[in-house]
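Please read the structure below before turning to the comments.
Index from 1, following the sequence. Model, not experiment: these values are computed from the prediction.
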Amino acid sequence: MTSATRQPETPAATTPPRLIATDLDGTLLRDDKSVSPRTVAALAAAEKAGIEVFFVTGRPARWMDVVSDHVHGHGLAICGNGAAVVDLHGGPGTHRFVKVRELARDNALDAVRLLREAAPGTVYAIEQTYGFYQEPAYPKMHLEVPDSLAPAERLLAPDAPGAGEPVLKILAYHPTLDPDAFLTLARLAIGDRANVTRSSPSALLEISGPDVSKASTLALCCAERGISHEEVVAFGDMPNDVEMLTWAGRSYAMGNAHPDVIAAASGQTVANNDDGVAVVIERLVTERLQASG
């Protein structure tokens with residue numbers, strides 16, 4: 001993995017892109033969670049021009065219906081901040097896990113304990129391949145009914161409900177801490193036991209396996225296709241996108257991006273509500289057609 005150092009302000013255009021990797025919320029999707037007609041057209045044009053498109057998101061597989069109609073050829077998406085590669089071809093409710101990079105339960109229990117000690121008042125939810133479990137005090141952030149309510153230590157026990165399913169990530173919420181301060185504190189507290197990031201505007205952290213990130217799973221998918229990082233163009237808006245934007249040959253922070261994302265990306269586009277991803281894809285497709293024509 002490339003370290004998260006600042007790249008040039010203007011993305012190098014010497015290597016033709018073969019793959020576009022885009023985040024969803026705050027990036028490809030508008031704030032109303034829709035995919036605009038312009039963006040739909042740009043995604044189709046990229047695929048027609050021979051540029052693969054990968055959705056790379058913190059969302060679980062069950063929340064991918066919003067883009068299931070736009071996966072085109074390969075049908076794959078990277079979900080859970082790199083914890084799973086999912087085939088979306090089957091449509092809603094029939095997604096197939098192609099690759100799972102789980103968070104070991106011992107590591108998960110260590111992360112819960114260490115963060116409880118460092119930030120009293122933290123509450124947890126457990127995201128598994130098919131199940132969702134939470135502590136009673138975890139806030140109701142989505143229209144989601146948990147499969148079970150119990151302390152995180154109980155939910156991660158060997159005989160817990162869903163014990164046979166891999167843990168993809170832990171969600172950790174604090175009701176009063178500043179989101180960036182909570183992220184810094186958690187990274188220091190948990191250390192190398194897990195990878196900690198965030199994508200929410202609230203103090204909600206996402207805790208994955210030690211080497212699991214959007215970037216590391218994207219790198220595996222690209223290696224399987226013989227695609228180098230120089231041939232990847234990436235888009236994102238929040239701290240969970242930083243490693244991916246740094247790894248990609250060309251990367252764009254959205255106009256609405258977190259300051260750390262702007263610092264990590266090699267370029268910037270307009271905001272998600274102004275179709276910032278489509279603006280760049282249209283230019284990339286034009287460049288590719290001109291080069292081949």
For residues [X] and [Y], determine if any side-chain heavy atom of one lies less than 4.5 Å from a side-chain heavy atom of the other.
X	Y	value
Glu52	Ile227	yes
Phe54	Thr217	no
Ser251	Ser266	yes
Tyr252	Gln268	no

Exercise: identify the closest heavy-atom pair between [X] and [Y]:
X	Y	value
Ala150	Leu155	O-CD1, 3.3 Å
Val261	Pro239	CG2-N, 3.9 Å
Ala186	Leu205	CB-CD1, 3.3 Å
Ala248	Val232	CB-O, 3.7 Å
Asn256	Ala271	OD1-CA, 3.2 Å
Gly236	Asp23	CA-CB, 4.1 Å

I'd like to know if [X] and [Y] make a salt bridge, using a cut-off of under 4.0 Å between side-chain N and carboxylate O.
X	Y	value
Asp159	Arg154	yes
Glu224	Lys99	yes
Arg193	Asp106	no

Do [X] and [Y] sit in the same hydrophobic cluster, where Ile, Leu, Val, Met, Phe, Trp and Tyr count as joined when their side-chain heavy atoms come under 4.5 Å apart?
X	Y	answer
Val56	Val98	yes
Val53	Met254	yes
Leu109	Val123	no
Val242	Leu188	no
Met64	Phe235	yes

_Pairs meeting criterion salt bridge (charged side-chain N to carboxylate O under 4.0 Å, His left out) with involvement of residues 161-173, two or more places apart_ =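 Passing the test, one end in residues 161-173: Lys169-Glu206.
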State whether the side chain of [X] and the backbone N or O of [Y] hold a donor-acceptor pair below 3.5 Å, judged by distance alone.
X	Y	result
Glu135	Tyr124	yes
His174	Pro120	yes
Asp211	Ser216	no
Asp241	Asp237	yes
Asp178	Asp180	yes
Arg198	Ala203	no
Ser34	Arg30	no
Glu231	Leu19	no
Arg187	Val196	yes
Arg18	Gly226	yes

How long is the span from the [atom1] atom in [X] to the [atom2] atom in [Y], to the nearest 0.5 Å?
X	Y	atom1	atom2	answer
Leu149	Tyr133	CG	OH	11.5 Å
Arg101	Leu220	CZ	CG	5.0 Å
Arg38	Ile281	CZ	CD1	10.5 Å
Asp31	Asp25	CG	CG	9.5 Å
Phe55	Leu88	CZ	CG	8.0 Å
Thr122	Tyr173	OG1	OH	11.0 Å

*Only counting residues at least two apart or in another chain, list the ones meeting side chain to side chain contact (heavy atoms under 4.5 Å, CB included) with Thr286.*
Gln290
*All side chain to side chain contact (heavy atoms under 4.5 Å, CB included) counterparts of Arg113, not counting sequence neighbours*: Asp110, Glu117
*Name the orientation class of the two ring planes belonging to His229 and Trp247 (parallel below 30°, tilted from 30 to 60°, perpendicular beyond 60°).*
tilted
*Stepwise side-chain contact (heavy atoms from CB on, under 4.5 Å) test for Leu24 and Trp63*: CA-CA 11 Å; Leu24 294 181; Trp63 290 4; over 6 Å; no
*Would Val212 and Leu103 count as a side-chain contact (heavy atoms from CB on, under 4.5 Å) if you check the C-alpha gap in whole Å, the side-chain angles of each, and the deciding distance to 0.1 Å?*
CA-CA 9 Å; Val212 176; Leu103 171 61; over 6 Å; no
_Could you go through Asn81 and Ser208, starting from their C-alpha distance and side-chain angles, then the distance that decides it, and tell me whether this counts as side chain to side chain donor-acceptor pair (under 3.5 Å)?_
CA-CA 8 Å; Asn81 290 327; Ser208 305; 5.0 Å; no
_Less than 3.5 Å apart, any donor N or O on the side chain of Asp275 or Ser36 sitting next to an acceptor on the other?_
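Side chains of Asp275 and Ser36: pair found under 3.5 Å.
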_What verdict does the side-chain contact (heavy atoms from CB on, under 4.5 Å) test give for Thr269 and Val277, after you've listed the backbone C-alpha separation in whole Å, the side-chain angles of each residue and the deciding distance to 0.1 Å?_
CA-CA 7 Å; Thr269 184; Val277 174; 5.7 Å; no
_Run the side-chain contact (heavy atoms from CB on, under 4.5 Å) test on Ile78 and Cys221 for me, step by step, so that the C-alpha distance in whole Å, both residues' side-chain angles and the decisive distance to 0.1 Å come before the verdict._
CA-CA 9 Å; Ile78 295 172; Cys221 292; 4.1 Å; yes
